[in-house]
Amino acid sequence: MGNDKPNMTDTQVSESPKTDSWEKRADLAFAGLMQQYWNRKLNLFDNLSPCHDLCNEKFHYWWQAHGVDTLVDAYERTGDSETKNYLAKMFQGILDRNGGVWPNDFYDDMEWLALAWLRAYDATGEESYKQAAVLLWEDIKTGWNEEQGGGIAWRKPQLDYKNTPANAPAVILAARLYQQFGDADDLAWAKKIYDWQKANLVDPDTGFVWDGKNREGDGKIDKSWEFTYCQGVYIGAGVELYRATGDKSYLADAERTAHASKLRLTSPITGMLPSESNGDGGLFKGIFVRYLAELVRVDPSQRESLDVLLTNASSLWTYGRDEQRQMFSKSWASTPEPAEDLSVDLSGVMLLERMAVLEKQGILKVN
């Protein structure tokens with residue numbers, strides 16, 4: 001698949017003599033992502049690097065959505081016109097691969113893509129990105145039903161199963177749509193979905209977020225499924241509702257969940273987040289750190305959360321990176337495997353991009 005890669009020079013990917021800022025590290029990480037994963041024939045990212053013949057047989061819709069998000073991260077940071085062009089290429093690439101339409105059967109997948117295109121619209125002003133986000137949002141809202149007392153379903157063939165991955169990102173999306181376009185109905189949706197999520201899938205004693213309810217039709221909550229993903233999206237939901245309303249109770253919820261996440265999910269010895277394997281799990285930590293960083297952005301006094309980010313980013317850069325390929329590992333404390341999933345690499349890139357944002361905002365000092 002080598003001929004499908006962008007034509008980047010070695011100096012763009014190999015390490016420069018001075019990489020003491022998170023911005024420079026994010027630059028290298030993004031260049032590595034594009035060189036190792038971008039497929040110019042498909043206008044999408046390869047699912048695996050190195051990519052074998054069947055590497056792209058499956059269409060990972062939601063991985064590609066996070067690929068769009070990562071392009072937006074890089075474009076917001078650099079204003080680079082080539083990165084903007086890649087966004088346009090992905091817009092067509094995803095549409096082509098998804099049969100010429102935006103929706104699919106998974107409400108959480110659609111939420112991730114809508115969030116990504118909304119951010120792309122905000123960054124570029126490209127009207128087609130807004131149209132895609134709004135179209136997806138209209139489909140997402142059809143997932144709400146009164147099974148389990150409300151909430152958005154996980155997927156269209158299973159409307160009575162409700163989970164955090166389908167509800168908390170919907171809150172983020174609805175709250176951002178309200179902030180951007182001022183439709184009070186979007187804010188009402190954000191509050192309604194958030195209230196259901198908090199009442200059903202958040203431990204009232206600790207703020208730790210559970211995964212789902214009624215997966216097997218028995219009304220049970222999957223409390224043993226403890227994922228960084230679920231904590232991250234609920235933190236993000238609280239942050240965005242706080243931004244939209246100024247109501248500090250939402251911020252307090254996010255801070256409580258962030259604290260619970262540190263206690264339950266990081267190593268008490270190293271402070272490191274767990275490896276959540278490859279495949280879909282490879283994206284979980286990237287989602288967590290994206291929204292944990294948003295919490296720190298709105299409340300820089302959150303030193304505990306900042307320390308989690310700094311500990312993990314420093315380890316990722318020092319131990320979890322292949323310097324030659326600028327690729328990242330599923331464990332942020334050990335070197336990558338010879339082949340790594342796109343999901344895994346995206347998480348590493350997202351962490352470094354968030355660190356660069358915190359550095360630019362003055363919350364982190366340049367090393």
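Side-chain contact of Ser21 with Glu23: a donor-acceptor pair under 3.5 Å is absent, judged by distance alone. Side-chain polar atoms of Asn104 and Asp109 form a donor-acceptor pair below 3.5 angstrom. For the residue pair Gln197/Thr164, the side-chain donor-acceptor check at 3.5 Å is satisfied. There is no side-chain donor-acceptor pair under 3.5 Å between Thr318 and Ser315. With 3.5 Å as the limit, one finds no donor-acceptor pair spanning the side chains of Ser49 and Asp46. For the residue pair Gln302 / Glu255, a side-chain donor-acceptor distance below 3.5 Å is found, with atom types taken as modelled. Trp102 and Asp139 share no side-chain donor-acceptor pair at under 3.5 Å. One side chain, Lys213 or Asn200, offers a donor N or O that lies under 3.5 Å from an acceptor on the other. At a cut-off of 3.5 Å, with distance as the only test, no side-chain donor of Gln35 or Gln326 sits close to an acceptor on the other residue. A donor-acceptor contact closer than 3.5 angstrom links the side chains of Gln361 and Arg297.
Shown here for Ser305 and Leu292, the closest heavy-atom pair between the two residues is OG-CD1, 3.4 Å. Across all their heavy atoms, Pro50 and Pro338 have their closest contact at CD-O, 3.3 Å. Counting all heavy atoms, side chain and backbone alike, Asp247 lies closest to Tyr242 at O-CD1, 3.5 Å. In plain terms, the two heavy atoms of Leu241 and Ala190 that are nearest each other are CD2-CB, 3.9 Å. Among all heavy-atom pairs drawn from Val68 and Ala116, the shortest one is CG1-CB, 3.6 Å. Minimum heavy-atom separation, Val344 to Lys330: CG1-N, 3.3 Å.
Side-chain atoms of Leu136 and Leu173, non-hydrogen and from C-beta on, never get closer than 4.5 Å to each other. By the 4.5 Å heavy-atom criterion applied to side chains, Asn47 and Tyr37 are not counted as neighbours. Two residues are said to be in side-chain contact when any heavy atoms from C-beta on lie closer than 4.5 Å; Asp73 and Arg354 meet this criterion. A heavy-atom distance below 4.5 Å is not found between the side chains of Trp196 and Ile193. Looking at heavy atoms from C-beta onward, Arg77 lies in side-chain contact with Glu353 at the 4.5 angstrom threshold. The shortest side-chain heavy-atom distance between Asp122 and Gln180 falls under the 4.5 Å cut-off. Residues Phe45 and His60 are not in side-chain contact: their nearest non-hydrogen atoms beyond the backbone lie 4.5 Å or more apart. Under the 4.5 Å side-chain criterion, counting only non-hydrogen atoms from C-beta, Tyr178 is not in contact with Thr245.
A donor-acceptor contact shorter than 3.5 Å links the side chain of Asn214 to the backbone of Gly219. Checked by atom type and distance alone, the side chain of Asn39 pairs as donor or acceptor with a backbone atom of Lys41 at under 3.5 Å. No side-chain donor-acceptor contact under 3.5 Å links Asn98 to the backbone of Gly100. A donor-acceptor pair under 3.5 Å is formed between the side chain of Glu276 and the backbone N or O of Thr228. The closest donor-acceptor contact from the side chain of Thr266 to the backbone of Gly271 lies at 3.5 Å or more, if one exists at all. Using a distance-only test at 3.5 Å, with no hydrogens or angles considered, a donor-acceptor pair links the side chain of Gln158 to the main chain of Arg215. Remark: the backbone N or O of Gly207 is paired with a side-chain donor or acceptor of Thr257 at under 3.5 angstrom. Within the 3.5 Å criterion, the main-chain N or O of Glu337 finds a donor-acceptor partner in the side chain of Glu340. No side-chain donor-acceptor contact under 3.5 Å links Arg176 to the backbone of Leu115. The backbone N or O of Thr83 lies less than 3.5 Å from a partner atom in the side chain of Asp80, making a donor-acceptor pair.
Under a cutoff of 6.0 Å and an axis angle of 45°, Lys192 and Trp144 form a cation-pi pair. Remark: Lys89 qualifies as a cation-pi partner of Tyr86 under the 6.0 Å distance and 45° angle criteria applied to the six-membered ring. Figure legend: cation-pi geometry between Lys162 and Trp154 absent, as NZ or CZ is not positioned both under 6.0 Å from the six-membered ring centre and within 45° of its axis. Taking the ring axis of Phe181 as reference, the NZ or CZ atom of Lys130 stays within 45° of it and closer than 6.0 Å to the ring centre. Judged by the 6.0 Å and 45° rule, Arg321 forms no cation-pi pair with Phe328.
By the criterion of side-chain heavy atoms lying less than 4.5 angstrom apart, applied directly or through intervening Ile, Leu, Val, Met, Phe, Trp or Tyr residues, Val308 is not grouped with Leu263; the two fall into different hydrophobic clusters. When hydrophobic clusters are built by joining Ile, Leu, Val, Met, Phe, Trp and Tyr residues whose side-chain heavy atoms come closer than 4.5 Å, directly or via intermediates, Tyr75 is not grouped with Tyr129. Residues Trp38 and Leu44 share a single hydrophobic cluster, defined by chaining ILVMFWY side chains whose heavy atoms lie under 4.5 Å apart. Neither Met350 nor Tyr319 shares a network with the other; the hydrophobic side chains, linked directly or stepwise wherever heavy atoms of I, L, V, M, F, W or Y lie under 4.5 Å apart, form separate groups for each. Following chains of ILVMFWY side-chain contacts shorter than 4.5 Å, one can reach Trp225 starting from Trp210, so the two form part of one hydrophobic cluster.
Ring pair Trp117/Phe91 is perpendicular by interplanar angle, where above 60° counts as perpendicular and below 30° as parallel. Using cut-offs of 30° and 60° on the angle between ring planes, the pair His66 and Trp112 is tilted. Taking the six-membered ring where the residue is Trp, Trp62 and Phe284 present tilted rings, their angle falling between 30° and 60°.
A distance of 9.0 Å separates CE in Met272 from OG in Ser267, rounded to the nearest 0.5 Å. Note: Leu364 CG to Leu306 CG = 5.0 Å, rounded to the nearest 0.5 Å. Of the inter-residue distances, the one linking Leu251 atom CG with Lys248 atom NZ reads 8.0 Å to the nearest 0.5 angstrom. Put simply, CZ on Arg119 and CG on Leu71 are 10.5 Å apart, with the number rounded to the nearest 0.5 Å. Here Gln64 contributes atom CD and Ser343 contributes atom OG; the two are 11.0 Å apart, rounded to the nearest 0.5 Å. Remark: Cys55 SG to Leu48 CG distance equals 5.0 Å, nearest 0.5 Å.
For Tyr250 and Tyr194, the gap between ring centers is short of 6.0 Å. For Phe288 and Phe227, the gap between ring centers reaches or exceeds 6.0 Å.
The residues Glu126 and Lys84 are annotated as not salt-bridged, no charged nitrogen and carboxylate oxygen being separated by less than 4.0 angstrom. Checked for salt-bridge contact, Arg290 and Asp69 meet the test: a charged N lies under 4.0 Å from a carboxylate O.
Within 6.0 Å of atom NZ in Lys156, more than 12 heavy atoms from other residues, nucleotides or ligands are found, so the atom counts as buried in its surroundings. In Lys141, the NZ atom is crowded: over 12 heavy atoms of neighbouring residues, nucleotides or ligands sit closer than 6.0 Å. By the neighbour-count criterion of 12 heavy atoms within 6.0 Å, atom CD of Glu57 is sparsely surrounded, having that number or fewer from other residues, nucleotides or ligands. Within 6.0 Å of atom NZ in Lys191, 12 or fewer heavy atoms from other residues, nucleotides or ligands are found, so the atom counts as exposed in its surroundings.
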